[in-house]
*Asks:* 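Could you have a look at this structure, given as structure tokens, before my questions?
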Amino acid sequence: MPELPEVETIRRNLAPHVEGRRVESLEILDARWCRPIAPAELSAAVEGRMVERLSRRGKYLIWELEGDVFLLAHLRMTGTLLLDPAGAPPHTRVWWRLGEHRLAFVDPRRFGTGELALGPEALEAFLARRLGPEPFSEAFNAASLHASTRASRAPIKAFLLDQRKVAGVGNIYADEALFRAGVHPLRPANRLTRKQTEELHGAVVASLQAGIDAKGATIDDFRDPYGVQGSFQDQFLVHLREGEPCPACGRAVRKQRAAGRGT
DNA sequence: CGACACTCCTGATGGC
DNA sequence: TGCCATCAGGAGTGTC
């Protein structure tokens, strides 16, 4: 499941190939991808525009196009972006054509989305409505995390998965960060001590950075734009390690549910 | 505010 | 071997 490190891995690989190029065509094969906007309408808004920058916010990949048009792609559960794949991969939902490159949005479960923001204000409104602070920005720090946890009695795992509390953390990195910080996933957010929120802040940042350094985690679907798997799954401390010895105490890792997710 | 159910979707898995 | 039910989950919405 692509989370911040996986989307960042895609962005880094893709940016040099798409920035400065023109989106000659955007062929949307699955109307669900951009619903409720009609595929023709979205394509028309994008086609012919230069890609000024490929950026990321949380788990959104943002195509910053000339004329202040922004295309926000979200991979959700099973989305991948493949650059110049051989032939047409199964479950291709969208094709970009940029110069000599073709790019496929492949998504077996069809949860992935493409949305449009016209103008910087619309982009800002779109993001502000959905996302909290970016984990690597100054806006996310020990003090701000501590302050925002005060307002929530939800289990800290649910808190971390809430994109409005901190952007980009999903199930993998929530598990890894909580373990690193030594905080129980079901502990109410407002009952973490200052020391614990400080630990957790560091653990969230460190886990995400380790994920980026490992070029993402591949559980089953994730590939970078060249089709290469990430390696962070080899460094999981607890995620998907049910029954294996705990790296800290040696007892078997137990799996339970928190916030409706395997934990 | 939060818990929970439901929706979207389909490949993988497990039971028989 | 084959069939079927169940599960997985990111995000949005709605109910209580």
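Proteins get letters first, then strands, A, B, ... in listed order; numbering begins at 1 in each.
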*Asks:* Please work out if A:Pro188 contacts a base, only the sugar-phosphate, or nothing of the nucleic acid, heavy-atom cut-off 4.0 Å.
*Replies:*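 Touches nothing.
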*Asks:* Does OP1 or OP2 of B:dT7 have a side-chain N or O of A:Arg109 closer than 4.0 Å?
*Replies:*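 Looking at the OP1 and OP2 atoms of B:dT7, neither is under 4.0 Å from any side-chain N or O of A:Arg109.
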*Asks:* From the set B:dG11, B:dG2, C:dA11, return the single nucleotide nearest to any side-chain atom of A:Gln163.
*Replies:*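 The closest nucleotide is C:dA11.
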*Asks:* Using a strict cut-off of less than 4.0 Å between a Lys/Arg side-chain nitrogen and an Asp/Glu carboxylate oxygen, indicate whether A:Glu8 and A:Arg11 qualify as a salt bridge.
*Replies:*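 Yes, A:Glu8 and A:Arg11 are salt-bridged.
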*Asks:* Does the ring centre of A:Tyr60 sit less than 6.0 Å away from the ring centre of A:Phe126?
*Replies:*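 Ring centres of A:Tyr60 and A:Phe126 closer than 6.0 Å.
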*Asks:* Return the value, rounded to whole Å, for the distance between atom NZ of A:Lys165 and atom P of B:dG2.
*Replies:*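 It works out to 6 Å between those atoms.
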*Asks:* Are A:Phe222 and A:Phe232 near enough that their ring centres are under 6.0 Å apart?
*Replies:*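 No, ring centres 6.0 Å or more apart.
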*Asks:* With sugar-phosphate meaning primed atoms plus P, OP1 and OP2, does A:Arg153 contact a base, only sugar-phosphate, or nothing at under 4.0 Å between heavy atoms?
*Replies:*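 It contacts sugar-phosphate atoms only.
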*Asks:* Heavy atoms only, 4.0 Å cut-off, all strands: where does A:Arg257 land among base, sugar-phosphate and nothing?
*Replies:*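 The answer is sugar-phosphate, as A:Arg257 gets under 4.0 Å only of primed atoms, P, OP1 or OP2.
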*Asks:* Mind checking A:Thr113 for me? I need base, sugar-phosphate or nothing, with any heavy atom below 4.0 Å counting as a touch.
*Replies:*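 A:Thr113: no heavy atom of the nucleic acid under 4.0 Å.
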*Asks:* How would you label the contact of A:Asp107 with the nucleic acid (heavy atoms, under 4.0 Å): base, sugar-phosphate, or nothing?
*Replies:*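 If one applies the 4.0 Å heavy-atom cut-off, A:Asp107 turns out to touch nothing in the nucleic acid.
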*Asks:* Looking at A:Glu24 and A:Arg97, is any side-chain nitrogen of the basic one under 4.0 Å from a carboxylate oxygen of the acidic one?
*Replies:*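 A salt bridge links A:Arg97 with A:Glu24.
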*Asks:* Scan A:Glu3 against the nucleic acid and name what it touches under 4.0 Å (heavy atoms): base, sugar-phosphate only, or nothing.
*Replies:*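 The residue A:Glu3 makes no contact with any strand.
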*Asks:* Look at all strands and tell whether A:Met1 reaches a base, only sugar-phosphate, or nothing, counting heavy atoms closer than 4.0 Å.
*Replies:*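 Since only primed, P, OP1 and OP2 atoms lie under 4.0 Å of A:Met1, the category is sugar-phosphate.
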*Asks:* Can you tell which of C:dG9, B:dG2, B:dA3 lies closest to the side chain of A:Phe111?
*Replies:*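 Of the candidates, C:dG9 comes closest.
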*Asks:* Please report, rounded to the nearest Å, how far the P atom of C:dG10 is from the CZ atom of A:Arg130.
*Replies:*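 It is 17 Å, rounded to the nearest whole Å.
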